[in-house]
2 protein chains.
Amino acid sequence: MRIRILIADDHVVVRQGIKTILNSLGEQHHVVAEAEDGREVLQLMDIHDVDVTILDISMPKLNGLETTRRLLKQRPQVKVVILSMFDDRISVEKALAYGASGYLVKDSAIEEVGQAIDAVYRGETYLSPSVAKYRQTFYHGMKNDYGRTETVINLTDKEREVLQLLAEGFTSKEIAVELNITFNTVNVHRKHIMKKLNIHKSADLVRYAIKEGIIRS
Amino acid sequence: MRIRILIADDHVVVRQGIKTILNSLGEQHHVVAEAEDGREVLQLMDIHDVDVTILDISMPKLNGLETTRRLLKQRPQVKVVILSMFDDRISVEKALAYGASGYLVKDSAIEEVGQAIDAVYRGETYLSPSVAKYRQTFYHGMKNDYGRTETVINLTDKEREVLQLLAEGFTSKEIAVELNITFNTVNVHRKHIMKKLNIHKSADLVRYAIKEGIIRS
DNA sequence: GAAGATGTAACCATTTTTGGGTATTGATAG
DNA sequence: CTATCAATACCCAAAAATGGTTACATCTTC
C-alpha cells in the first residue's frame with residue numbers, strides 16, 4: 001500500500017508538521033505535492049497522481065471547502081480530508097455536503113492524522129472525535145434535500161434576528177420589547193437557535209455570531 | 001552553543017512542524033519542553049531551564065501575550081518569540097510592549113524560525129519582514145511610558161485570567177476547577193472585572209475580550 | 001511599620017439563562 | 001387537502017449569572 005498525498009495549508013509550519021507526522025507513522029504515506037492555497041491545489045492535481053488530499057479549511061484565494069467542491073467535481077475518485085481549527089457543526093456539515101471524506105481538527109492527536117488518511121483511502125469516512133456527533137445530523141438532514149442548497153445552516157429569519165440581538169448583549173426581556181413579542185417567545189427562539197447550533201452558553205453564541213459575520217466586534 | 005527551547009501552541013501539527021524545522025537547521029537547537037496553553041508554559045518554566053520560548057499568540061486559557069508578560073515578570077532573562085497568524089500592528093506592538101524579543105508570522109520561511117531564535121538568543125530582536133515596519137511605531141510609543149499596558153489594564157493578573165476563560169465560554173464552576181480556587185472566588189473576580197470595565201452581561205464581556213485581542217473568535 | 005493592592009473565601013438575594021414540555025395560528029409545500 | 005414548518009405563547013424547574021457585603025492573609029510600596 002502506497003498512498004500518494006497532497007498537503008495544502010498556507011502555513012509552512014503546519015505543512016511541515018503534517019509531513020513529519022506522516023513520516024513518523026511508517027512507510028506507506030508519501031507526500032507528493034504541497035500547496036499554499038486552493039487554486040494551487042487544483043493546478044497541481046493536473047500534474048500529480050494523488051490518492052488523498054489534506055486541505056486546510058481557511059486558505060487564501062480559494063478556501064478548503066470551495067476547493068473540495070471543485071476538486072471532486074473534476075475528480076470524484078480523490079479523497080479529501082479537511083483540516084480545520086473549527087469544530088462547529090456548520091463547517092463539518094459543509095465539508096461533508098461538499099464531498100469531503102474526513103474532517104480533522106488541528107489539535108488532533110498525531111495518530112489521528114494517519115488513521116484519517118488510511119480510513120478515507122479505504123473509502124470510509126473519518127471525523128475527529130470532537131465533531132463525530134455531526135455525522136448523524138448531516139445524514140438526517142440529507143433526507144430533506146439537505147446538502148444540495150448552499151445554506152447548510154437553517155436558522156429562520158426570526159431566529160437570526162434574535163441571535164443578533166442576543167449576541168449584541170440584549171437580554172431576553174429587552175429583545176421581547178425590541179421585537180414586540182413576548183418574553184416566552186424570545187426564549188423559544190433562543191432554545192431553537194442553541195439546539196440547531198449545538199451551543200449551550202451565551203458566550204459561545206457571541207463568538208459564533210462574530211465568526212459568521214452576523215455581528216461585528 | 002546549545003539553545004534550550006520551549007514550544008507552546010495548542011495545535012500539535014504546529015508544534016511538530018516547528019520541532020522538525022529546528023532539527024533540520026542543525027544541532028544547536030534543543031526543544032526541551034512543549035505546552036498547549038499559556039498556563040502550562042508558566043508551570044513548565046519551573047521545571048526546565050529554558051533560553052528561548054516560542055509562544056503562539058492565540059492559545060486557550062492564557063494567551064501568548066499575557067503569558068509573555070507574566071513569564072518575563074518572573075524570568076526577565078528568558079527570551080520570547082511570538083508566533084502569530086496575524087500581522088496587524090496592534091498585535092506586534094503589544095508583543096514588543098510586553099517584552100517579546102521576536103515576532104514570527106506563521107507563514108514565515110523555514111529559515112526565519114532559526115534566524116529568529118538565534119537573534120533573540122544573542123539579545124537582539126527579530127521581526128518577520130512583513131511586520132518589521134511596526135518596530136518604529138513601537139519605539140515612538142515608548143516615549144510615553146508604553147510597556148505599562150494601557151488598554152486592558154486596571155485588571156489584575158487573576159482578573160485577566162478569569163476574563164479570558166469567561167470569554168472562552170467556561171462557567172464559573174468550570175473556572176474554579178481550572179484555576180484551583182473556589183466558586184466564590186471566581187465570582188468575586190468576575191464581579192470586579194465587570195465593575196472595572198463597566199460591563200453587565202457576559203455577551204458584552206466576550207465582545208470586549210475579542211476587541212482587545214484577549215481571545216480570537 | 002502603615003497603607004494599599006491583591007487573592008482568597010464566604011454569605012446573601014434577585015435576575016437571567018437554559019432546557020424540557022404543550023398548544024394554536026397561518027403559511028407553504030407535497 | 002393535509003402535513004409540515006414558522007411564529008407565537010405559556011408552564012415549569014434547575015442552573016447560572018449578577019450584584020452586594022464582609023473578612024483575612026500576603027505582598028509591595030511608601
* Just compare dT18(C), dT18(D), dT8(D) and give me whichever is closest to any side-chain atom of Met194(A). => dT18(C)
* Asked: Would you call Asp46(B) and Arg75(B) a salt bridge, using N to O less than 4.0 angstrom?
  -> yes
* dA16(D) OP1/OP2 closer than 4.0 Å to side-chain N/O of Lys173(B) -> yes
* Asked: When you measure from the side chain of Thr171(B), which nucleotide among dG19(D), dG20(D), dA17(D) comes out closest?
  -> dA17(D)
What pairs of nitrogen or oxygen atoms, one from the protein and one from nucleotides 10-13 of chain C, lie under 3.5 Å apart?
unit_1	atom_1	unit_2	atom_2	d
dA10(C)	OP2	Asn184(B)	ND2	3.0

* **Nearest-Å distance for atom pair NE2/P, residues His192(A) and dG20(C)** => 11 Å
* Asked: Got a salt bridge between Arg207(A) and Asp204(A), using NZ or NE/NH1/NH2 to carboxylate O under 4.0 Å?
  -> yes
* Asked: Does a side-chain N-to-carboxylate-O contact under 4.0 Å join Lys79(B) and Asp118(B)?
  -> no
* Check every atom of dA17(D), dG19(D), dT18(C) against the side chain of Asn187(A) and return the nucleotide holding the closest atom. => dT18(C)
* the helix from dG1(C)-dC30(D) to dG30(C)-dC1(D): angle between end helix axes, five pairs per end, rounded to 10 degrees -> 50°
* Residues Lys61(B), Glu40(B): salt bridge by 4.0 Å N-O rule -> no
* To do: Using modelled atom types only, decide if a donor and an acceptor are shared between the side chain of Gln16(A) and the backbone of Ile21(B) within a distance under 3.5 Å.
  => no
* Partners passing side-chain contact (heavy atoms from CB on, under 4.5 Å) against Ser128(B) (at least two apart in sequence or in another chain) -> Leu104(B), Val105(B), Ser108(B), Glu112(B), Ser130(B), Val131(B)
* Short question: side chain of Glu66(A), backbone of Asn63(A) - any donor-acceptor pair under 3.5 Å? -> no
* According to a strict under-4.0 Å criterion, is His189(B) in side-chain N/O contact with OP1 or OP2 of dT8(C)? -> yes
* Asked: Can you check whether Thr156(B) has a side-chain N or O nearer than 4.0 Å to OP1 or OP2 of dG7(C)?
  -> yes
* OP1 or OP2 of dT8(C) less than 4.0 angstrom from a side-chain nitrogen or oxygen of Lys158(B), does that happen here? -> yes
* Asked: Should the pair Glu34(B)-Lys19(B) be classified as a salt bridge under the 4.0 Å nitrogen-to-oxygen rule?
  -> yes
* Lys/Arg-Asp/Glu bridge criterion (N-O < 4.0 Å) met for Glu168(A), Lys201(B) -> no
* May I ask you to verify if any side-chain N or O of Ser172(A) is less than 4.0 angstrom from the OP1 or OP2 atom of dT17(C)? => yes
